[in-house]
Amino acid sequence: MKRRIVVTGIGVVTPIGNTVEEFWSAIKNNVVGISPITKFDTSEYKVKLAAEVKNFSPKDHMDFKASKRMGGFSQYAVAAAKEAFKDAGIDMTKEDPYRVGTVVGSGIGSLQTIEKEYSTILNRGPSKVNPLMVPLMISNMAAGNVAIQLGLKGKCTSVTTACATGTHSIGDAYRAIQCSDADVMVAGGCESSICPTAVAGFTSLTALTEETDPLRASIPFDKDRSGFVIGEGAGIVVLEELSHATKRGAHIYAEVVGYGATCDAYHITSPMEDGSGAAKAMELALKEGEINPSDVDYINAHGTSTHHNDLFETRAIKKVFKEAAENVVVNSTKSMIGHLLGAAGAVEFVTCIKSMEEGYIHQTVGTKNLDAECNLNYAIEEPIEKQIEYALSNSLGFGGHNATLLLKKYHR
């Protein structure tokens, strides 16, 4: 018998809210968190818009000294982790700290630190580089800082699989509990790379939209979609072995019952054109959950608003669901928060949890005119109220990474 794993805590930092309550309220009000970039001067850049986190103050979540030793991505991760941990109600004085672990990833780490310190080398010389450059920069420090802040001494790892990072992190944490490496895991993803280097790089790759209307910038599955909107934030969840959670009387949001991970082994940026890699990840999650495609009520799609992703992900869903694809509701949270890169899958996982809890599937905001081949039910005209027994969350990342998590409504 496999150990059963449930979600007992959730936390986020997003472009539309820095707590779950703020985020979910904004989701239900169709708030779009995309606006002109304020983090640097974009006068020489084709791309003008991003989904920036707003009104975030590190001192609200950690002491000043600790915050100065963290890059922005780590600060977001710590803030979201503390919210999730508090939500879960875990008292570490009553836990074996070596049975509580961490899997938190970032797709990039701190490009801002690299930019700043390379400028220092050029202008002032190598001896003037910040002694904390490396720990500020490297992506595994999000996991390390979360563990330090919460006192978690169990398994602590960091996943870096581009835009699939958050989903893989939660999936790996799920596996860690499943095979008895831990009883509790804090897991998710984070990102903060809205900076000249990232925007220039993604623009040269023709991945970002050059649209200047925030309401028409991130429009997944729309025939006029022209690229993703770079975003930032963090999503963290607390996963827990079922009996451990019930013994301490924890509130249980949902049960994780399946995880699929595959690689396209095809192209560094484009998914497989027939969607077969993403389809296999969904199939593996469904197989582990021992359900049929027709049992799934809702899919939170990767839905980046790029031509290739949306078309090929739609093909993947059709490949798996066949005639049942007509009945499943699909949406993209990126329509409101942009693409949070390494944090995307984790925030979207939280969205699935809240959707399941309230029976509310948000609208894919801004999408109006569907691509001819993108012809599923993407909730483009209005939100959908529907009881959700099973939900899938998909993430696809540069490098061919595919990840799918299957959530089930918890029944005692």
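- In this structure a side-chain-to-backbone donor-acceptor pair under 3.5 Å is present from Asn145 to Met141.
- For CG of Asn55, the number of neighbouring non-hydrogen atoms (other residues, nucleotides, ligands) closer than 6.0 Å is 12 at most.
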(request) Determine, stepwise, if the pair Thr304 / His339 fulfils side chain to side chain donor-acceptor pair (under 3.5 Å). (result) CA-CA 7 Å; Thr304 60; His339 193 346; 5.9 Å; no
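- Taking a cutoff of 4.0 Å between a charged side-chain nitrogen and a carboxylate oxygen, Arg4 and Glu255 qualify as a salt bridge.
- A distance of 7.5 Å separates CE of Met336 from OG1 of Thr364, quoted to the nearest 0.5 Å.
- In summary, the side chains of Thr167 and Ser395 do present a donor paired with an acceptor at a separation below 3.5 Å, with no hydrogens or angles considered.
- For the atom pair OG1 of Thr42 and CD1 of Ile194, the computed distance is 12.0 Å after rounding to the nearest 0.5 Å.
- Among all heavy-atom pairs drawn from Pro271 and His308, the shortest one is CD-CB, 4.3 Å.
- Within the 4.5 Å cutoff, the side chain of Ile170 has heavy atoms near those of the Val237 side chain.
- Heavy-atom minimum distance, Ala217 versus Val229: CB-CG2, 3.7 Å.
- Thr157 and Asp172 share no side-chain donor-acceptor pair at under 3.5 Å.
- Of the residues listed (Val238, Val256, Ile252), the one engaging Val7 in a side chain to side chain contact (heavy atoms under 4.5 Å, CB included) is Val256, and it is the only one.
- Using a 4.0 Å cut-off between a side-chain N of Lys or Arg and a carboxylate O of Asp or Glu, Asp371 and Lys223 do not qualify as a salt bridge.
- No side-chain donor from either of Asp222 and Thr367 sits under 3.5 Å from a side-chain acceptor of the other.
- The side-chain hydrogen bond (donor to acceptor under 3.5 Å, both in side chains) contacts involving residues 282-292 comprise Lys2-Glu288, Tyr174-Glu288, Arg175-Glu288, Gln178-Glu288, where partners must be two or more places apart or lie in separate chains.
- Contact annotation: the side chain of Val199 never approaches that of Ser193 to less than 4.5 Å [non-hydrogen atoms, C-beta and beyond].
- Neither side chain, Asn18 nor Tyr76, offers a donor N or O lying under 3.5 Å from an acceptor on the other.
- By the 6.0 Å contact criterion, NZ on Lys409 is enclosed, its count of non-hydrogen atoms from other residues, nucleotides or ligands being greater than 12.
- Here the side chains of Leu286 and Val320 are in contact, with some heavy-atom distance below 4.5 Å.
- Side-chain atoms of Thr209 and Arg216, non-hydrogen and from C-beta on, never get closer than 4.5 Å to each other.
- Between the side chains of Asp264 and Asn402, at least one donor N or O sits under 3.5 Å from an acceptor N or O.
- The minimum heavy-atom distance linking Phe73 with Ser192 is given by the pair N-CB, 3.6 Å.
- The residues Lys368 and Asp224 are annotated as not salt-bridged, no charged nitrogen and carboxylate oxygen being separated by less than 4.0 angstrom.
- A donor-acceptor contact shorter than 3.5 Å links the side chain of Ser332 to the backbone of Gly303.
- A pairwise comparison of heavy atoms in Phe23 and Thr14 identifies CD1-OG1, 3.4 Å as the closest pair.
- Atom NZ of Lys28 has more than 12 heavy atoms from other residues, nucleotides or ligands within 6.0 Å.
- Remark: Ile114 CD1 to Ile138 CD1 distance equals 11.0 Å, nearest 0.5 Å.
- At least one donor-acceptor pair under 3.5 Å links the side chain of Thr246 to the backbone N or O of Leu242.
- Crowding of Lys46 atom NZ: a count of heavy atoms from other residues, nucleotides or ligands under 6.0 Å not exceeding 12.
- No side-chain donor-acceptor contact under 3.5 Å links Asn377 and Glu326.
- In this structure the side chain of Glu385 never reaches within 4.5 angstrom of the side chain of Glu358, judged on heavy atoms.
- Heavy atoms from other residues, nucleotides or ligands lying under 6.0 Å from NZ of Lys280 number 12 at most.
- There is no side-chain donor-acceptor pair under 3.5 Å between Asn300 and Lys334.
- Under the 4.0 Å criterion applied to side-chain N and carboxylate O atoms, Glu240 and Arg248 are assigned as salt-bridge partners.
- With contacts defined as side-chain heavy-atom distances shorter than 4.5 Å, the pair Ile317/Leu376 qualifies.
- Here the shortest heavy-atom pairing between His244 and Val184 reads CE1-CG2, 3.6 Å.
- Among residue pairs with one or both ends in residues 373-412, those qualifying as ring pair (Phe, Tyr, Trp, His ring centres under 6.0 Å) are Phe221-Tyr378; sequence neighbours excluded.
- Here CD1 of Ile108 is found 5.5 Å from CG of Leu111. Values are rounded to the nearest 0.5 Å.
- Side-chain contact between Ser218 and Phe228 is absent, with no heavy-atom pair separated by less than 4.5 Å.
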(request) Would you please test Glu373 and Thr314 for side chain to side chain donor-acceptor pair (under 3.5 Å) and show each step? (result) CA-CA 8 Å; Glu373 200 174 334; Thr314 296; over 6 Å; no
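- Residues Met356 and Gln387 have side chains not in contact (no heavy-atom distance under 4.5 Å, counting atoms from C-beta outward).
- Between Glu348 and Ser393, the side chains place no donor N or O within less than 3.5 Å of an acceptor N or O (distance only, hydrogens not considered).
- One distance of note links CG of Asn140 with OG1 of Thr102; it measures 12.0 Å at 0.5 Å rounding.
- When the shell of 6.0 Å around OH of Tyr118 is examined, it contains 12 or fewer heavy atoms from other residues, nucleotides or ligands.
- Other residues, nucleotides and ligands contribute more than 12 heavy atoms inside 6.0 Å of the NZ atom of Lys39.
- Outside the 6.0 Å centre-distance limit, the rings of Tyr360 and His362 are not counted as a close aromatic pair.
- With respect to the salt-bridge test (charged N to carboxylate O, under 4.0 angstrom), the residues Lys86 and Glu83 do not qualify.
- With respect to the salt-bridge test (charged N to carboxylate O, under 4.0 angstrom), the residues Arg99 and Asp183 qualify.
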